[in-house]
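Have a look at the structure below, then the notes.
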Amino acid sequence: MRIWLAPLHGITNYMFRNSLYRQVGGIDCCVTPFLPVQETAKLNIRNWRDIWPKNNTDILTIPQLMGNKPAHFVDTMRMVHDMYGYEAFNWNIGCPVAQVVRRRRGCGIMPDADAVEAVVRTVTTQTPFRFSVKMRLGLKEPSEGLEILERLNNYPLDFIVIHPRLGTQMYEGEPDLDQMDLLYQHTRHRLIYSGDLFSLDDYLKLQNRYPKIDDWMLGRGLLRNPFLAEELKGCFSGDAKQRFSKYYQLWTQELLDSVKERSTMAKLKELWHYYACFFKLSPEQLQQLLRINDWEQFFDRSLQFVRS
Ligand SMILES: Cc1cc2nc3c(=O)[nH]c(=O)nc-3n(C[C@H](O)[C@H](O)[C@H](O)COP(=O)(O)O)c2cc1C
């Protein structure tokens, strides 16, 4: 089995990824949060730190791209390859955020199977790069995803990641495994499953339902429990709280090295919604922590939870 770190825009940047890899094992590969494709004249990829090779030395990292114009993909992939050496790319057609969908990007392109096919056809015929897609069931209807999947059977893709929700669901409700079953049966591509994989129990149920899937992508599950990948692979060892404490301090230091205390605190507060599960904080305890506005106080209080 292979475990992938999911792209979580605004969270799993290279600093987050590297602090995680240094303290926990079990993660084999990752897809970065999305980067926008453009035509060559408008591309400025020098500041794409998230995919600088020196920031991505630990595990196989695949840059994720977002856009809808075939030529923009070719231009961007060529430039990223020439400057940074990447040979595999992933296309995000799952993002459900309204501004993205309105511009027919992310999940907004899913109702238009012709447009999806045009990008895949162009990339797979005009570039030598490995290409993969990360999708949902559809934007509004599961029939959208099925149509896309059937068309993609004709192209040499590396893999397809499926998050079995509709775009209109955002992250609400349960993943629709009945629809996932249909996609599982209709594809000839390697599938990676992504969605609400939060525990060993979840994994065992999914593995039983999808025996041909070897690749599992963890997103919010790894935020709730950084040792989830180790637990799924049966290689967890040591004292979870001690190890979390090291990881937390490393990640905080990475943040402080690059942004001011206020931004570090804002980022950590976002993550404490997930960490609260690991440390079993009550809603009141979490609210108390989130109300603190002084950096020193916030960090001390959060460390008390980590160490208690
Ligand atoms: C805050 C957040 C940001 C996300 N950013 C991206 C992204 O940049 N690219 C992408 O393909 N998916 C993105 N996703 C979707 C996740 O990669 C994943 O497919 C989804 O959260 C379901 O998996 P999970 O339940 O393990 O988190 C994002 C999800 C969240 C919650």
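Counting starts at 1 for both ligands and their atoms, following the listed order. Quick caveat, the model's predicted, so the values are computed rather than measured.
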Residue Gly195 vicinity, atoms of ligand 1 by number, heavy atom under 4.0 Å: 22 (C), 23 (O), 25 (O)
Location of contacts on His163 toward ligand 1, heavy atoms closer than 4.0 Å: side chain
Which protein heavy atom lies closest to atom 8 (O) of ligand 1, and at what distance to 0.1 Å? Phe34 CD2, 3.3 Å
Would Gly219 count as being in polar contact with ligand 1, using the rule that some N or O on each side must be under 3.5 angstrom apart? yes
To atom 12 (N) of ligand 1, the nearest of Lys134, Met217, Met170 on a heavy-atom basis is Lys134
Test item: side-chain donor near acceptor, Gln304 and Asp300, under 3.5 Å: no
Nearest non-hydrogen protein atom to atom 2 (C) of ligand 1, with distance, is Leu8 CD2, 4.0 Å
Begin with the C-alpha distance, continue with both residues' side-chain angles, and end with the deciding distance and a verdict on side chain to side chain contact (heavy atoms under 4.5 Å, CB included) for Leu177 and Tyr193. CA-CA 11 Å; Leu177 294 187; Tyr193 177 89; 3.9 Å; yes
Check ligand 1 against Asn92 and write out every atom of the ligand that is under 4.0 Å from a heavy-atom position of the residue. 7 (C), 9 (N), 10 (C), 11 (O)
Hey, is Asp196 close enough to Arg165 for a salt bridge, meaning N to O under 4.0 Å? yes
Can you list the residues that meet the side-chain contact (heavy atoms from CB on, under 4.5 Å) rule with Ile45, with sequence neighbours excluded? Leu43, Trp48, Met79, Val80, Met83, Tyr84
Strictly below 4.0 Å, N to O, side chains only: are Asp75 and Lys42 in salt-bridge contact? no
Whether over 12 other heavy atoms sit under 6.0 Å from Arg262 CZ: no
Is the number of heavy atoms from other residues, nucleotides or ligands within 6.0 Å of NZ (Lys260) greater than 12? no
Do any N/O atoms on Pro7 end up under 3.5 angstrom from N/O atoms on ligand 1? yes
Indicate yes or no: does an N/O atom of Arg165 lie under 3.5 Å from an N/O atom of ligand 1? no
Near Lys233 NZ, under 6.0 Å, is it more than 12 heavy atoms from other residues, nucleotides or ligands? yes
Atoms in ligand 1 flagged as close to His9, the criterion being non-hydrogen separation under 4.0 Å: 3 (C), 4 (C), 5 (N), 6 (C), 8 (O)
Considering only the protein, which heavy-atom contact is closest to atom 9 (N) of ligand 1, and what is its distance? Gln64 OE1, 2.8 Å
Those atoms of ligand 1 less than 4.0 Å from some heavy atom in Ala6: 17 (O)
Which atoms of ligand 1 have any heavy atom of Arg220 under 4.0 Å away? 21 (O), 24 (P), 25 (O), 26 (O), 27 (O), 31 (C)
Qualifying residue for ring pair (Phe, Tyr, Trp, His ring centres under 6.0 Å) with Phe89, from Phe129, Phe159, Phe73: Phe129
So which protein heavy atom does atom 21 (O) of ligand 1 come closest to, and at what separation? Tyr171 CE2, 3.6 Å
Ignoring hydrogens and angles, write down the donor-acceptor pairs under 3.5 Å from the side chains of residues 99-111, residues two or more places apart or on other chains.
{"residue": "Arg104", "atom": "NH2", "partner": "Asp112", "partner atom": "OD2", "Å": "3.1"}

Closest non-hydrogen protein atom to atom 18 (C) of ligand 1, residue and atom name please, with distance? Ser194 OG, 3.4 Å
